[in-house]
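Just below is one structure, and these are the notes that go with it.
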Amino acid sequence: MISFTESGMIFGPYAETDFFGIEKCATYGAIQDGVKMAEFLLIRETPQKPPCVCCVWIVEAKSSSPQPKTQPEFDGYIADIKDKLTNGLSLCFASVLKRHPNTLAEWPDKYRDLELSTAGFRLVLVINGHQLDWLPPLQDALRRALHPTAKTWALDPNAVVVLNHEGARQFGLTSAP
Amino acid sequence: MITNVELKNFGPLDKVSWKKLGPINLVIAGNGSGKTFLLKSLYSAMRTLEEYKRGDDQRTAAEILVERLYWTFQLDKIGDLVTKGASANLSFRLWKDDDEFCYNFGKDTAKVIASLENHVPPRASNSIFLPAKEVLSLHNIILKSRETDKVFGFDDTYLDLARALRQSGRGGRNYEAFAKSRQDLEAILGGKVEYDESAGNWQFKEGKYRFPLGVTAEGVKKIAILDTLLSNRYLDPESIVFIDELESALHPAAISKLLDIVAVLATEGMQFFVASHSYFVVKKLFLIAQEKKMSIPVLAGDAEGWRSADLKDGMPDNGIVTEAIQLYQQEVKLSLS
């Protein structure tokens, strides 16, 4: 099982077969110059939603965020998260499609065997300590920024999610310290 | 400025105590909770104070108040305002700056309020109540219904507003404090609304073109009302403005712009009481409170009663914010479960 601390939260425990630390992997290491990357990928089974047998969560973790009222800072923050989550999704697709053959072996079997045409994807931002009532506008802003990505890859309309530390724990992304 | 209010057994409001009021004050609660009732009770009191000893009016404050309550709440007798089943009298107390105005009466009261104390000096300024429904299209109907036919239907808040709008602009320069606000209001409107004396109706003027007001949007009419009251000098920097459901018929962007104007007018001395159920109104006023470091008292009502807070200290814990969070949580659950 894998657990680690990031942005002041304890992520995991995750089964080794489900987790892929995309930001620290060799695949990203070879291309990282000028390419921002999400923290990690996590496969979640969704048996209740056939025919989609599994769902890949692309996760970025942060310890703070600006509020929408500080507009330039807020827009830059959203653009940064958008790049990381979009690039995480693209690198996942590219690797499963064997576009990076030299580093394919580092990907767990579940990812290499992923049925890209039917798999679900979730683009998840987790912010530690973020106030609950600031999450809805932040989620709306991130959804708008990721709209082209979601439409292009035919993701669910609700594929983009913003959680705080409590939400992350509630949905099993993190565990209590 | 109204600084404190205290109501007991006043219609749906069995007990309300709201202290340390500010230039902008927000009332939030669900439908039927008594928001409008509270604003109307304050408005009736302020209009009583404003009519008392004005010009050659010889009526006592109690006589003015009875008429005000009768025509504002439109009940068979004003005693019907006492909360049903209440054992004690209706009691109303308001402090204008440090001066108290208070009255109380029982459920059998028809035309005479025996207990009224007024320590507020006579004032020359006018308060106004902006109802949720627009009045410009109904302007003539309201005046006929109340002034000629003298029937219930349009209460005093509508009549006063229709009369205030009819007032033509006085000579002399407009209040400097209002000039920028008027420009901003007209920028939202994209034109001006003017009363056409010959046609006897309100028209929307955009450049050199004129349109009957009927074809313009409800929100335009609402903003035009405030613009008109600032331009004809019915309102002055000492006025108190009561706005019921500020958000009705307005796009969220227009709500934000209108509240920015309200904030400017409030810093010039006007006092505002806003009733709302809109998340946008609460959030925008919260941001104004933070940016201007301004106290914006909020009175939030729910099943457990009325609680006061200040937007300067954070978003209030109430049904509007809770519902926004609940929708978000529902959305997240739909996505991740």
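Reminder, nothing fancy here: chain letters follow the sequence lines and each chain counts from 1. Side chains included, hydrogens not; waters and symmetry mates left out as well; all remaining heavy atoms used.
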With a 4.5 Å cut-off on side-chain heavy atoms, are V332(B) and L135(A) touching? no

Verify the neighbour count for atom NZ of K133(B): are there more than 12 heavy atoms of other residues, nucleotides or ligands below 6.0 Å? no

Indicate the atoms forming the closest heavy-atom contact of S335(B) with N158(A), along with that distance. OG-O, 2.7 Å

State whether the number of non-hydrogen atoms from other residues, nucleotides or ligands found under 6.0 Å of Q330(B) atom CD is greater than 12. no

Determine whether L336(B) and Q170(A) make a side-chain contact, defined as any pair of heavy atoms from C-beta on separated by less than 4.5 Å. no

If every non-hydrogen atom of P136(A) is compared with every non-hydrogen atom of A324(B), which pair is closest and at what distance? CG-O, 4.1 Å

Under 4.5 Å, heavy atom to heavy atom: which of residues 265-284 of chain B reach chain A? Give them by number, or say none. Y279(B), K283(B)

Who among L132(A), V124(A), V160(A), D140(A) has the most heavy-atom pairs with chain B under 4.5 Å? L132(A)

Around atom CZ of R144(A), are there more than 12 heavy atoms from other residues, nucleotides or ligands closer than 6.0 Å? no

Does some side-chain heavy atom of R143(A) sit less than 4.5 Å from a side-chain heavy atom of E331(B)? yes

Apply salt bridge (Lys or Arg N to Asp or Glu O under 4.0 Å) to D244(B) and list each qualifying residue two or more places apart in sequence or on a separate chain. none

Between CG on residue D133(A) and OH on residue Y328(B), distance to nearest 0.5 Å: 11.0 Å

